[in-house]
Number of protein chains: 2
Amino acid sequence: MTEKPAGAAEGVDSVLAALADPTRRRLLDLLAAQGEVTATTLAGSLPVTRQAVVKHLGVLDAAGLVSGTRVGREVRYSVQPAALGATARWMATLAADWDRRLATVKRIAEAAERESRPPETPR
Amino acid sequence: MTEKPAGAAEGVDSVLAALADPTRRRLLDLLAAQGEVTATTLAGSLPVTRQAVVKHLGVLDAAGLVSGTRVGREVRYSVQPAALGATARWMATLAADWDRRLATVKRIAEAAERESRPPETPR
DNA sequence: CCCAGGAGCAACCTGGGAGTTGCACTCCGG
DNA sequence: CCGGAGTGCAACTCCCAGGTTGCTCCTGGG
């Protein structure tokens, strides 16, 4: 199931897409700093409308980065570290993989080079 | 030089923006798999034009994720793990920070709740 | 010296995301 | 029961990133 060779995580792309927008990152920052806040409150700290904030929160929620809880007539949003952590791990794995491949390619290249220059006598 | 303490990385946003596009991720995948390839070759493995590939490679290069080397009349591109690793670490740190804040908020909330219900006698 | 395959440039088109406005609905307090 | 605060939904505008086409400019090989 979780053994997709390359490009595992399903949610990774939504997380990346969500994180790509600066406003959404600001939003996450505020959310992380203030704990549980309503969209209206957040809009007060940003140069955008409440509606825009709501939309962004929707995207972030779809990516699993935040979650909202209804309290009376308001909705308190809070940050959700799990999704971010998963993406971070995915990324780290990818980086390590690249490193591995690069090392391999480099070794092969060196070997090939050594192989292809018998006539040359560097000292 | 590249040592901003926390919240740091200037390049993080460009990396995230670069990674947000699926085509660019495919591109990185191919690049990681094949080592050193030209834009034209890459375009052959993708449903887009060579020009589109070139543009994407430009973005990826600006984000420090790839680098191109001129060899004769062609340009070989290769993947650059450093930037990705840095972003991965930044992300992991951020996730940990959120976790910390959440734990704190939770503790405070619990304390406050305990504080606010002296009249109730759950016996 | 010529030509062919590859890279670079510039103008152009287009879909979707970010943002706004306007209104209907819901919930709490007096 | 009524009014106001707060949220939810929908239509609309604007802008830009992704993609294309059509060239020109190198460069290397015969």
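Chain letters run A, B, ... following the sequence lines, proteins first and then strands; every chain starts at 1.
Pairs engaging residues 44-60 of chain A under the side chain to side chain donor-acceptor pair (under 3.5 Å) rule: Arg24(A)-His56(A) [sequence neighbours left out].
In summary, of the residues considered (Leu31(A), Leu84(A), Leu57(A)), a side chain to side chain contact (heavy atoms under 4.5 Å, CB included) with Leu65(A) occurs for Leu84(A) alone.
Between Leu60(A) atom CG and dG17(C) atom P there is a gap of 14 Å when expressed in whole angstrom units. Regarding Leu27(A), its CG atom lies at a distance of 18 Å from the P atom of dG17(C), rounded to whole Å. Regarding Arg73(A), its CZ atom lies at a distance of 11 Å from the P atom of dC27(C), rounded to whole Å. The interatomic distance linking Glu74(B) (CD) with dG28(D) (C1') rounds to 11 Å, in whole Å.
Here the side chain of Val75(B) is nearest to one of dG6(C), dG8(C), dC28(C), namely dG8(C).
Environment of CZ in Arg26(B): sparse, with no more than 12 heavy atoms of neighbouring residues, nucleotides or ligands closer than 6.0 Å.
Between Ala92(A) and Ala88(B), the shortest heavy-atom contact is N-CB, 3.8 Å. Among all heavy-atom pairs drawn from Ala17(B) and Ala20(A), the shortest one is CA-CB, 4.4 Å.
A salt bridge between Asp21(A) and Arg25(A) is absent, with no side-chain N of the basic residue lying under 4.0 Å from a carboxylate O of the acidic one.
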| said: One character per nucleotide, please: for nucleotides 10-21 of chain D, 5' to 3', B when the base has a protein heavy atom closer than 4.0 Å, S when only the sugar-phosphate does, - otherwise. | reply: --------SBBB
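Along DNA chain C, the nucleotide nearest Ala39(B) and the nucleotide nearest Arg70(A) are compared for position; the residue whose nucleotide lies closer to the 5' end is Ala39(B).
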